[in-house]
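Ligands are counted one by one from 1 in listed order, and the atoms in each one are counted from 1 as well. Along the sequence shown, the residues carry numbers beginning at 1. All values below come from the heavy atoms of this structure, side chains included, with hydrogens, waters and symmetry mates left out.
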Amino acid sequence: ATASAGFALLFIAIGIWISWRPDSEADDEFVAAIKRKEFIPYYQPVMDIETGRLRGCEVLMRWRRLDGTMVSPGQFMPYAETTGHIFEMTRLLMRQTVTEVGELYSENPDFKLSINLFAGHFNDRRIIEDIKEIYGKSPIAYQQIVVEVTERLPLQDLELARKLIAEMQALGVRVALDDVGTGHGGMAYLQKLGIDIIKIDKMFIDALGTDDSSTTIVDSMVELADNLGMGIIAEGVERMEQVERLRELGVTAAQGYLFAPPLPGKLYIDLARALSAG
Ligand code: C2E
Ligand code: CA
Ligand code: CA
Ligand code: CA
């Protein structure tokens, strides 16, 4: 009786596995797209709104399919993350940044390059090796690299995450907490992870100037960042009046469609050269 119950359980388990496993044909296609380097970096400028100078950029992944259509991360990132393909994709993305903007970054040592990581990257030592392997001997210095960790997804092992972040910082890499105020970690992440920079989510920036409570929230984020010795970046800036409010509140770094959308490498380089010549 025990044996047949065991078999029954085994068959149920196999049934569940078959119905839940990722569609392998679709997965083969996805892997082929990775091999063909269809996942490419776009670069969104980050501006210093006090001086009008370029501070650097955030790297945002795009899927450029063979037929030329562009797919945004919302449509493939969840799949890339659950299957673990994101690890290889991120390595390839980082390598492409070296090829594309390495020269620009060696000419402009104060430019920063921000890379998005997902929660799983902070649960695996491999990311340290990747950063060393890719940027260690590249024209882009560790001091120019920022990694962004989003507050939207929970980190599995805070202790390990804290250790990996400390190792990145020992190299000279800085760590930003993304989407602050929208997710899980909140104050606990700020305190425990040793974050260098906080990024104010677009949600709060959107309402700046039209809604007093968001002004109060941004104001307290600035104060918090100041008191903790952290930098601050506003994201999703679309209107000039938001820039004015941000300046009044003491925020000096911002990105958003008002300045520029995420750009292909060549356009980002042209823009950077035009701005630094001006
Ligand atoms: P995020 O890190 O919060 O990136 C900001 C998103 O806001 C980007 O969307 C950007 O294109 C968009 N954005 C920037 N300025 C404006 C603006 O003024 N108005 C509006 N409406 N949107 C603006 P995107 O490129 O579609 O990326 C979406 C999310 O996908 C990112 O959110 C990030 O969480 C994730 N992602 C993108 N690239 C990568 C990557 O290489 N690795 C990982 N792990 N995640 C990535
Ligand atoms: Ca980000
Ligand atoms: Ca963000
Ligand atoms: Ca956001």
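- In the vicinity of E238, heavy-atom distances shorter than 4.0 Å reach the ligand 1 atoms 17 (C), 18 (O), 19 (N), 20 (C), 21 (N).
- Following chains of ILVMFWY side-chain contacts shorter than 4.5 Å, one cannot reach Y42 starting from V147, and the two form parts of different hydrophobic clusters.
- Between G236 and ligand 1 there is a heavy-atom distance shorter than 4.0 Å.
- Among the heteroatoms counted here (N, O or S) of E58, OE2 is the one nearest to the Ca ion (ligand 2).
- In this structure, Y79 and F30 have perpendicular ring planes: the angle between them is above 60°, well past the 30° mark.
- Between the choices Y257, F118, F87, F76, the shortest heavy-atom distance to atom 12 (C) of ligand 1 belongs to Y257.
- Considering Q255, E148, M61, M77 only, the shortest heavy-atom separation from atom 45 (N) of ligand 1 involves M77.
- Within E148, the N, O or S atom lying nearest to the Ca ion (ligand 2) carries the name OE1.
- Within the structure, the closest approach of R62 to ligand 1 falls below 4.0 Å when heavy atoms are considered.
- Below 4.0 Å from some heavy atom of P262 lie the following atoms of ligand 1, by number and element: 11 (O).
- At a heavy-atom cutoff of 4.0 Å, ligand 1 is contacted by the side chain of D178 but not by its backbone.
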Could you please spell out the steps behind the side chain to side chain contact (heavy atoms under 4.5 Å, CB included) verdict for I145 and I131?
CA-CA 9 Å; I145 306 289; I131 290 173; 5.6 Å; no

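- Remark: distances from the non-hydrogen atoms of D179 to ligand 1 include one below 4.0 Å.
- Nearest to the Ca ion (ligand 3), among the N, O or S atoms that D179 has, is OD1.
- Within ligand 1, counting atoms from 1 as listed, the ones closer than 4.0 Å to a heavy atom of G256 are 15 (N), 18 (O).
- Heavy atoms of T150 come nearer than 4.0 angstrom to ligand 1 in no pair at all.
- Using a distance-only test at 3.5 Å, with no hydrogens or angles considered, no donor-acceptor pair links the side chain of S138 to the main chain of V98.
- One finds an angle of 120° at the Ca ion (ligand 3) between OE2 on E235 and OD1 on D178, to the nearest 10 degrees.
- Side-chain atoms of T90 come within 3.5 Å of backbone N or O of I86 as a donor-acceptor pair.
- Linking Ile, Leu, Val, Met, Phe, Trp and Tyr residues whenever their side-chain heavy atoms come within less than 4.5 Å leaves I195 and I233 in two separate clusters.
- Note on ring orientation: taking the six-membered ring where Trp is involved, the planes of Y268 and Y105 are tilted (angle from 30° to 60°).
- Exactly one residue among D211, T216, T215 makes a side chain to side chain donor-acceptor pair (under 3.5 Å) with S213. That residue is D211.
- Looking only at distances, a side-chain donor or acceptor of D48 sits under 3.5 Å from a matching main-chain atom of T51.
- Among Q44, K202, E235, the residue whose heavy atom lies closest to atom 20 (C) of ligand 1 is K202.
- The closest donor-acceptor contact from the side chain of Q169 to the backbone of G194 lies under 3.5 Å.
- Contact atoms of ligand 1 toward V237: 18 (O) (distance under 4.0 Å to a heavy atom of the residue).
- Under the 4.5 Å side-chain heavy-atom criterion for grouping Ile, Leu, Val, Met, Phe, Trp and Tyr, I232 is connected to V218 within one hydrophobic cluster.
- Under 4.0 angstrom from ligand 1, the non-hydrogen atoms of E58 all belong to its side chain.
- Counting heavy atoms only, L60 comes closest to atom 8 (C) of ligand 1 of the residues L93, L60, D206.
- Each of E58, E235, K202 was evaluated against Q255; a single residue qualifies, E58, per the side chain to side chain donor-acceptor pair (under 3.5 Å) test.
- When distances to the Ca ion (ligand 2) are checked against a cut-off of 3.0 Å, S114 contributes no N, O or S atom below that limit.
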